[in-house]
**Q** 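Okay, handing you the structure first.
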Number of protein chains: 2
Amino acid sequence: MVVEKKVNQVVDSVEGDPPQRWGFELPLLLFTGFRSLIDQLHEELADHGYPDLRPAHGFAMQAIGPDGVTASELGRRLGISKQAAGKTVDRLAAMGYAQRVADPRDARRKLVRLTPRGLDALTLSAAVFQELRGQWAERLGNGRLTELEDALESVVGPAGFRLDAAGWFGD
Amino acid sequence: MVVEKKVNQVVDSVEGDPPQRWGFELPLLLFTGFRSLIDQLHEELADHGYPDLRPAHGFAMQAIGPDGVTASELGRRLGISKQAAGKTVDRLAAMGYAQRVADPRDARRKLVRLTPRGLDALTLSAAVFQELRGQWAERLGNGRLTELEDALESVVGPAGFRLDAAGWFGD
DNA sequence: TCTTTTCGACAACCACATTGACCACCCTAA
DNA sequence: TTAGGGTGGTCAATGTGGTTGTCGAAAAGA
């Protein structure tokens with residue numbers, strides 16, 4: 001990559017107008033948008049009886065899915081060790097969002113399944129996201145919103161979304 | 001918020017086409033875009049002699065800024081305790097990106113400043129982001145990219161960007 | 001059947017945050 | 001001028017969520 005050139009470009013334009021927009025604005029805008037949606041989601045969730053859910057829990061429950069998974073598989077999906085996944089399940093179970101059930105077809109396995117409460121939280125989340133998208137559509141106009149979504153998809157690809165976001169940021 | 005209505009809407013359309021796009025795609029697209037930019041940034045940083053930098057370090061260094069801050073103020077900006085901020089500074093200092101200097105005007109304070117190496121990393125990051133934005137512009141066309149940025153800004157506002165992203169996600 | 005792999009658990013450990021306590025220092029008002 | 005309150009930095013204890021290592025039981029494959 002020709003970054004050296006860019007260094008001078010950036011340094012030079014400190015005294016002047018940005019070419020169009022600074023490059024660093026893009027990730028910040030994306031992150032701020034994401035964060036605002038997630039924060040609003042959890043406000044709604046709290047108001048509707050799920051005050052203890054955190055963003056990471058949503059990813060975990062999404063990774064469990066409607067059919068359930070083993071703790072090992074959950075670890076793979078979340079990008080953490082199976083032991084850490086087991087502890088995550090413990091926490092979700094203690095909060096009443098998940099449970100372990102023995103797998104009759106494989107005595108080693110214990111399937112992690114969402115409880116009805118867990119499924120409800122997921123259903124509500126989907127509805128809140130739909131509502132929030134509606135608010136964006138109101139503000140931007142449906143066309144601009146769709147273009148935004150399409151543009152993003154064409155850059156990042158429709159590639160299956162990664163759920164291993166928990167420790168990714170970490171120090 | 002009229003979420004109850006949305007629940008049925010979402011449940012109903014499980015058997016059918018999404019209204020346009022599912023609401024949950026929007027946050028995922030935003031996050032995936034953000035993540036892809038950050039991942040590529042850190043690939044570049046690693047290739048240019050900064051292999052030990054993690055995303056969270058970038059936020060911390062950004063919070064320190066070119067003028068330096070006290071550890072307490074750093075804690076406020078990052079949304080963590082001053083003790084945790086102090087440890088973060090210890091880590092950055094151990095890696096050679098920051099240093100503490102006594103403040104001659106206030107004997108209590110120790111100013112945290114970026115080292116030349118830290119400043120270089122920040123400058124390089126800005127250049128990489130500029131380059132990455134160029135790649136997006138190539139793929140989308142400059143017009144569509146600018147529209148994307150403008151649309152995002154009009155939703156989340158030009159409000160100063162929050163740096164307290166580290167523990168925000170957390171479990 | 002024998003070997004290898006997989007699953008879930010237990011234990012020890014580590015990284016990074018927390019709270020609480022403390023002293024040194026600045027600032028201001030009596 | 002001095003007493004008090006607020007602020008800055010550090011130490012200590014603790015909590016949480018992750019890691020690796022190990023293990024026995026069970027499944028899968030040669």
Side-chain angles (χ1 to χ4, degrees), chain A residues 52-65 67-95 97-113 162-171, chain B residues 51-61 63-65 67-95 97-113 162-171:
Chain A
D52 49 1
L53 279 180
R54 309 270 303 115
H57 298 142
F59 276 71
M61 289 172 62
Q62 202 65 50
I64 294 174
D67 299 327
V69 284
T70 65
S72 293
E73 172 60 20
L74 180 61
R76 269 175 238 121
R77 295 189 186 175
L78 296 178
I80 58 180
S81 65
K82 60 181 180 175
Q83 295 90 332
K87 296 185 191 181
T88 298
V89 172
D90 289 342
R91 269 169 269 145
L92 286 175
M95 294 188 286
Y97 294 105
Q99 56 187 339
R100 291 180 220 255
V101 308
D103 183 339
R105 337 205 321 169
D106 186 336
R108 292 171 305 174
R109 304 175 124 211
K110 286 182 189 165
L111 258 199
V112 178
R113 303 190 66 91
R162 305 178 55 183
L163 273 344
D164 59 332
W168 165 72
F169 213 79
D171 230 302
Chain B
D52 48 1
L53 279 180
R54 308 269 305 112
H57 298 144
F59 275 71
M61 291 172 64
I64 294 174
D67 299 326
V69 283
T70 64
S72 292
E73 172 61 20
L74 180 61
R76 269 174 240 123
R77 294 188 187 176
L78 296 179
I80 58 180
S81 64
K82 61 179 180 177
Q83 295 91 330
K87 297 184 191 180
T88 298
V89 173
D90 289 341
R91 269 168 268 146
L92 285 176
M95 293 189 287
Y97 294 106
Q99 56 187 339
R100 289 179 221 256
V101 309
D103 184 339
R105 340 209 315 169
D106 187 336
R108 291 170 305 175
R109 304 175 124 212
K110 288 182 189 166
L111 257 200
V112 179
R113 303 191 65 91
R162 306 178 55 182
L163 273 345
D164 59 330
W168 165 72
F169 213 79
D171 230 303

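Keep in mind the model is a prediction, meaning the values are calculated, not measured. So that the names make sense, note that chain A is the first sequence line, chain B the second, and so on, each numbered from 1.
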**Q** Going by the rule salt bridge (Lys or Arg N to Asp or Glu O under 4.0 Å), which residues pair with R91(A) if we only count those two or more places apart in sequence or in a different chain?
**A**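 R91(A) satisfies salt bridge (Lys or Arg N to Asp or Glu O under 4.0 Å) with D171(B) only.
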
**Q** Test side-chain contact (heavy atoms from CB on, under 4.5 Å) on Y97(B) and I64(B) and set out the steps.
**A** CA-CA 11 Å; Y97(B) 294 106; I64(B) 294 174; over 6 Å; no

**Q** Could you say whether A85(A) or G86(B) is positioned toward the 5' end of DNA chain D, judged by the nucleotide with the nearest heavy atom to each?
**A**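 It is G86(B), whose closest nucleotide lies nearer the 5' terminus.
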
**Q** Checking R113(B) side chain against D67(B) main chain: does a donor-acceptor pair fall under 3.5 Å?
**A**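 Yes; judged by distance alone, with no hydrogens or angles, the pair exists.
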
**Q** Rounding to a whole Å, what distance do you find between L74(A):CG and dG8(C):P?
**A**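 From L74(A) CG to dG8(C) P: 10 Å.
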
**Q** Please give, in whole Å, the distance from dT6(C) P to D103(A) CG?
**A**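 My rounded result for the distance is 17 Å.
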
**Q** Donor-acceptor pair, distance only, cut-off 3.5 Å: does the side chain of R54(A) make one with the backbone of W168(B)?
**A**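 Yes, R54(A) side chain to W168(B) backbone: donor-acceptor pair under 3.5 Å.
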
**Q** Separation of R109(A) atom CZ from dT6(C) atom C1', in whole Å?
**A**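 About 9 Å, once rounded to whole Å.
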
**Q** Please list, pair by pair, any protein nitrogen or oxygen found under 3.5 Å from a nitrogen or oxygen in nucleotides 13-15 of chain C.
**A**
none

**Q** Going by heavy atoms in the side chains, are R100(B) and V89(B) under 4.5 Å from each other?
**A**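 With C-beta onward as the side chain, the pair touches.
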
**Q** Heavy atom of residues 76-83 of chain B under 4.0 Å from DNA chain C: which residues?
**A**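 The answer is I80(B), S81(B), Q83(B).
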
**Q** As an exercise, state the distance from OG1 of T70(A) to CZ of R108(A), rounded to the nearest 0.5 Å.
**A**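 Nearest 0.5 Å value for the OG1-CZ distance: 9.5 Å.
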
**Q** What integer distance in Å separates D164(B):CG from dC16(C):P?
**A**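 Value for this atom pair: 19 Å.
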
**Q** Just the atom pairs and distances: protein N or O near nucleotides 1-5 of chain C's N or O, under 3.5 Å.
**A**
none

**Q** With a non-hydrogen cut-off below 4.0 angstrom, is A107(B) in contact with a base, only sugar-phosphate, or nothing?
**A**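 Contact class for A107(B): sugar-phosphate only.
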
**Q** Give me the first and last nucleotide of DNA chain D, going 5' to 3', that has any atom under 4.0 Å from a heavy atom of chain B.
**A**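 Nucleotide range in contact with chain B: dG6(D) to dG18(D).
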
**Q** For residues 73-80 of chain A, which side-chain donor-acceptor pairs fall under 3.5 Å, sequence neighbours excluded?
**A**
| from | atom 1 | to | atom 2 | distance (Å) |
| --- | --- | --- | --- | --- |
| E73(A) | OE1 | R76(A) | NH1 | 2.6 |
| E73(A) | OE2 | R77(A) | NE | 2.9 |
| R77(A) | NH1 | A63(A) | O | 2.6 |

